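Written out below as structure tokens is the structure these notes cover.
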There are 2 protein chains.
Amino acid sequence: MAKAAEAKPQHDAPEWAAFYDCLRRKGLRRTSQRDTIFDVFMRSQKHLSSEDLYRRVREMDPKVGFTTVYRTLNLLSECGLAIRSQFGDGLTRYEPGFNTTHHDHLICVECGNVTEFFSAQLEHVQDEIVSRHGFEMQEHSLRIWGMCRACRRNVKSMKKPAASLPHRHA
Amino acid sequence: MAKAAEAKPQHDAPEWAAFYDCLRRKGLRRTSQRDTIFDVFMRSQKHLSSEDLYRRVREMDPKVGFTTVYRTLNLLSECGLAIRSQFGDGLTRYEPGFNTTHHDHLICVECGNVTEFFSAQLEHVQDEIVSRHGFEMQEHSLRIWGMCRACRRNVKSMKKPAASLPHRHA
DNA sequence: GTAGGTGCAAATCCTTTGCAAGTGA
DNA sequence: TCACTTGCAAAGGATTTGCACCTAC
């Protein structure tokens with residue numbers, strides 16, 4: 001029903017090919033909802049919650065239900081086209097996972113901003129740790145909470161003591 | 001009511017002093033429930049969920065409610081006497097935090113075992129990353145999922161493909 | 001036509017809170 | 001005494017599922 005998908009001619013872009021491959025491999029169908037959700041997701045800023053994405057999708061097509069957004073995010077996660085993260089606020093967040101490389105996250109407890117970083121040295125140290133333990137690594141995640149540069153300045157000038165989130169889950 | 005606390009003479013051990021300090025600082029009272037919960041918690045294996053701890057506490061004193069266990073774990077977290085972790089199965093896990101140093105976790109996706117490790121080199125790399133971004137680090141957590149040595153052997157000999165948890169949250 | 005997809009509503013699961021009755025200082 | 005505690009029950013909040021209707025193939 002929704003013409004959003006048909007109205008967009010960029011469906012031969014590589015991420016769309018990967019998406020359709022994912023559907024094909026799983027024997028699933030192409031639908032206008034899935035197209036819309038994927039389109040909005042790939043264009044969005046990173047680290048959206050399923051609710052965030054749902055709201056954005058509804059702007060494109062108000063008939064799409066939350067369940068479909070939720071199930072599509074699971075589907076994309078399974079295909080590696082979405083990457084799940086949890087930053088301790090109780091929400092699962094997603095970022096597009098096409099042609100992205102592994103990275104970790106700096107999370108500001110003051111403003112909530114998430115900064116990505118990658119360190120080859122860090123990866124190397126991890127590899128060493130893993131092999132020392134006879135482990136076969138499948139996935140890893142380093143999260144660093146603290147206060148970002150901007151917030152440190154603000155807090156200092158406002159003479160306000162640093163906020164501490166009451167219930168962060170490391 | 002429960003005499004468990006009175007029956008145990010080791011309450012002058014340093015972790016108990018820290019616990020009572022924590023209560024005093026917060027203007028809270030010493031109760032038999034809190035004593036029992038703290039006692040069981042400090043004696044337990046690491047990485048218990050609140051439900052796990054609740055079950056163990058009930059073996060000592062069946063009248064203690066889940067709410068009290070839950071609230072006591074929050075209290076201990078605030079005092080640094082319990083450390084929260086999440087390993088991706090949706091449960092918050094706790095480990096005693098008295099006289100412990102920071103460490104990170106290797107999580108086996110096959111058997112669920114959690115191995116702790118510490119790497120000074122890793123910490124050093126993190127410090128560098130943080131200062132490069134002008135961040136003030138408050139907390140950090142590295143989790144590595146994979147298959148432990150024992151499970152790798154098992155899987156190989158059973159010719160069973162490696163299991164992958166359906167919904168891990170990195 | 002039919003297997004798969006959708007979206008509403010409802011269930012689940014863990015976590016958190018309201019409140020009346022109990023208890024430590 | 002009296003504020004703090006407790007534990008039941010119930011609420012919250014994110015996630016997941018059942019099911020009747022819809023739709024791509």
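Hydrogens, waters and symmetry mates play no part in the numbers below; they use all other heavy atoms, side chains included. Note on naming: letters A, B, ... go to the chains in the order of the sequence lines (proteins, then strands), and numbering restarts at 1 for each one. On a predicted model such as this, the values are computed, not experimentally measured, just so you know.
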Looking only at the SG atoms, are C79(B) and C22(B) under 2.5 Å from each other?
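The answer is yes, since C22(B) and C79(B) bring their SG atoms under 2.5 Å apart.
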
Checklist entry - Does F38(A) have its ring centroid less than 6.0 Å away from the ring centroid of W16(A)? => result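 Between W16(A) and F38(A), which both carry aromatic rings, the centre distance is below 6.0 Å.
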
Under 3.5 Å, is there any donor-acceptor pair linking the side chain of [X] to the base of [N]?
X	N	value
T67(A)	dC8(C)	yes
R71(A)	dG7(C)	yes
R30(B)	dA25(C)	no
R29(B)	dC4(D)	yes

| request: Please figure out whether G65(A) or R93(B) has its closest DNA chain C nucleotide nearer the 5' end. | output: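 So the residue in question is G65(A).
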
Can you identify which nucleotide, out of dG7(C), dT15(D), dT15(C), has its nearest atom closest to the S50(A) side chain?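 So the nucleotide nearest the side chain must be dT15(D).
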
With respect to the side chain of V64(B), which nucleotide from dG7(D), dT15(C), dG5(C) is positioned closest?
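Nucleotide nearest to V64(B)'s side chain: dG7(D).
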
Practice prompt. Rounded to the nearest angstrom, tell me the gap between atom CG in L23(B) and atom P in dG24(C).
Written response: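 The distance from CG of L23(B) to P of dG24(C) comes to 14 Å, rounded to the nearest Å.
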
Next on the checklist: Measure CD/E51(B) against P/dT15(C) and give the value in whole Å, please.
Outcome noted: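 It is 9 Å, rounded to the nearest whole Å.
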
So, does S49(A) get its side chain near the phosphate of dA14(D), meaning an N or O under 4.0 Å from OP1 or OP2?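 The answer is no; no side-chain N or O of S49(A) sits under 4.0 Å from OP1 or OP2.
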
- Would a 4.5 Å heavy-atom cut-off, applied to side chains only, mark L81(B) and F98(B) as touching?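 When only atoms from C-beta onward are counted, F98(B) and L81(B) do touch, with a gap below 4.5 Å.
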
